[in-house]
Amino acid sequence: MALKAHQRALLQLLPDGLAWNKAPDTLLAGGLARSTSRVTERAGQLLAERFPLTATRLLADWERFLGLPDCDIGKDAGIDERQRYAANKLRMKPSLNRQFYIELARSYGFTVSLSTLPDNQWVTMVTIETHVDYRPLHVLDPITTPLRIYYSGILECLLNRYKPAHQDFRYVYADKKEKG
């Protein structure tokens, strides 16, 4: 609502009589109209803040409520990306179904397959089929460091966060041989 519309509405609320000046340029009506106009504008903004995908002022509150950032994802992201992460987290319905983990990985750009070991139902092999960058072991790395250090810690962190407590995930990186 425009400022003039608020001013007209306020002037119409005044009682009839000579004591009340209903001229459109009165200072009292102009001052009050600015306040009510600002309240109406904020109310419109609050309607947008109801959902994390459109929230700006309350985005930090949405993130705190949803426990974001997950595994340091989106820590340095812009507003649009943070809104998308919050909206995805709000819509997420964790499940014990394998398809949930496959879809979760896919939403972050990874292709995975899950299989249980024939002799141990509590261990699930997560095969990461997407090409993942890695670096080889360096001489200065600790002795417990694997020979290859993969840069998919975000995926492992997410899957470990949402897996059942009784389940153990083991990660296997499928080597994609390049055709030469």
Side-chain angles (χ1 to χ4, degrees), residues 1-114 126 128-133 150-165 167 169 171:
M1 220 175 181
L3 186 62
K4 291 288 183 189
H6 276 272
Q7 192 172 9
R8 266 193 318 273
L10 286 170
L11 289 173
Q12 289 173 355
L13 291 173
L14 289 175
D16 291 328
L18 295 175
W20 303 103
N21 183 1
K22 291 190 176 185
D25 57 345
T26 60
L27 291 175
L28 177 64
L32 291 174
R34 276 192 290 281
S35 297
T36 58
S37 176
R38 193 170 40 250
V39 167
T40 301
E41 181 184 325
R42 290 280 168 86
Q45 287 175 345
L46 274 178
L47 287 175
E49 299 292 324
R50 294 178 302 168
F51 305 107
L53 195 57
T54 55
T56 51
R57 288 178 182 256
L58 296 179
L59 184 58
D61 293 327
W62 273 110
E63 289 172 331
R64 194 170 31 261
F65 171 72
L66 295 168
L68 292 175
D70 259 348
C71 301
D72 292 335
I73 298 171
K75 201 177 191 180
D76 301 321
I79 290 275
D80 292 340
E81 223 175 346
R82 289 174 51 210
Q83 288 172 332
R84 197 174 64 248
Y85 288 145
N88 286 343
K89 178 85 180 250
L90 185 64
R91 285 190 298 261
M92 183 191 309
K93 292 177 177 54
S95 168
L96 298 177
N97 189 332
R98 290 174 192 266
Q99 195 60 36
F100 166 73
Y101 302 104
I102 293 170
E103 292 300 321
L104 179 64
R106 185 176 295 135
S107 69
Y108 287 95
F110 294 96
T111 304
V112 300
S113 62
L114 288 91
V126 179
I128 302 172
E129 298 167 0
T130 309
H131 174 70
V132 179
D133 290 333
Y150 290 91
Y151 296 115
S152 64
I154 289 172
L155 176 65
E156 290 183 21
C157 177
L158 280 170
L159 293 178
N160 285 333
R161 174 167 289 184
Y162 294 108
K163 74 176 180 61
Q167 198 69 31
F169 282 174
Y171 298 95

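Bear in mind that the values here come from a model prediction, so they are computed numbers and not experimental data.
Here the closest non-hydrogen pair linking Val112 and Ala105 is CG2-CB, 3.7 Å. Nearest heavy atoms, Pro164 versus Leu96: CG-CD2, 3.3 Å. Closest heavy-atom contact between Leu59 and Pro52: CD1-O, 4.1 Å.
With a 4.5 Å cut-off on side-chain heavy atoms, Phe100 and Met92 count as touching. Residues Leu159 and Tyr171 form a side-chain contact, since some pair of their non-hydrogen atoms from C-beta on lies under 4.5 Å apart. Here the side chains of Glu81 and Tyr85 are in contact, with some heavy-atom distance below 4.5 Å.
Considering CD of Gln45 and CG of Leu47, their distance stands at 10.0 Å, rounded to 0.5 Å. Put simply, CG on Leu68 and NZ on Lys89 are 5.0 Å apart, with the number rounded to the nearest 0.5 Å. To the nearest 0.5 angstrom, Glu103 atom CD is 10.0 Å from Asn97 atom CG. Leu58 contributes atom CG, which lies 11.5 Å from atom CD of Glu63 (distance to the nearest 0.5 angstrom). The distance from atom CG of Leu155 to atom CD1 of Ile128, rounded to the nearest 0.5 Å, is 5.0 Å. Between the CG atom of Asn88 and the CZ atom of Arg91 there is a distance of 5.0 Å, given to the nearest 0.5 Å.
Sorted by first then second residue, the disulfide (SG to SG under 2.5 Å) pairs that include residues 31-95, not counting sequence neighbours, are Cys71-Cys157. Sorted by first and then second residue, the ring-ring contact (aromatic ring centres under 6.0 Å, His included) pairs with a member in residues 50-80 form an empty list; sequence neighbours excluded. The salt bridge (Lys or Arg N to Asp or Glu O under 4.0 Å) contacts involving residues 40-50 comprise nothing, where partners must be two or more places apart or lie in separate chains.
The backbone N or O of Leu114 sits less than 3.5 Å from a side-chain atom of Arg98, completing a donor-acceptor pair. Thr36 contributes no side-chain N or O that, together with a main-chain N or O of His6, makes up a donor-acceptor pair within less than 3.5 Å. Listed for the Gln83 side chain is a donor-acceptor partner under 3.5 Å among the backbone atoms of Ala55.
Using modelled atom types and a 3.5 Å distance limit, the side chains of Asp70 and Tyr162 yield a donor-acceptor pair.
Other residues, nucleotides and ligands place no more than 12 heavy atoms under 6.0 Å from the CG atom of Asp16. The number of heavy atoms from other shown groups lying within 6.0 Å of CZ (Arg161) is above 12.
Partners of Tyr101 by ring-ring contact (aromatic ring centres under 6.0 Å, His included), not counting sequence neighbours, listed by chain and number: Phe169. With sequence neighbours left out, Thr111 forms a side-chain contact (heavy atoms from CB on, under 4.5 Å) with Glu129, Thr130. Partners of Arg64 according to the salt bridge (charged side-chain N to carboxylate O under 4.0 Å, His left out) rule, which considers only residues two or more places apart in sequence or in another chain, are Asp61.
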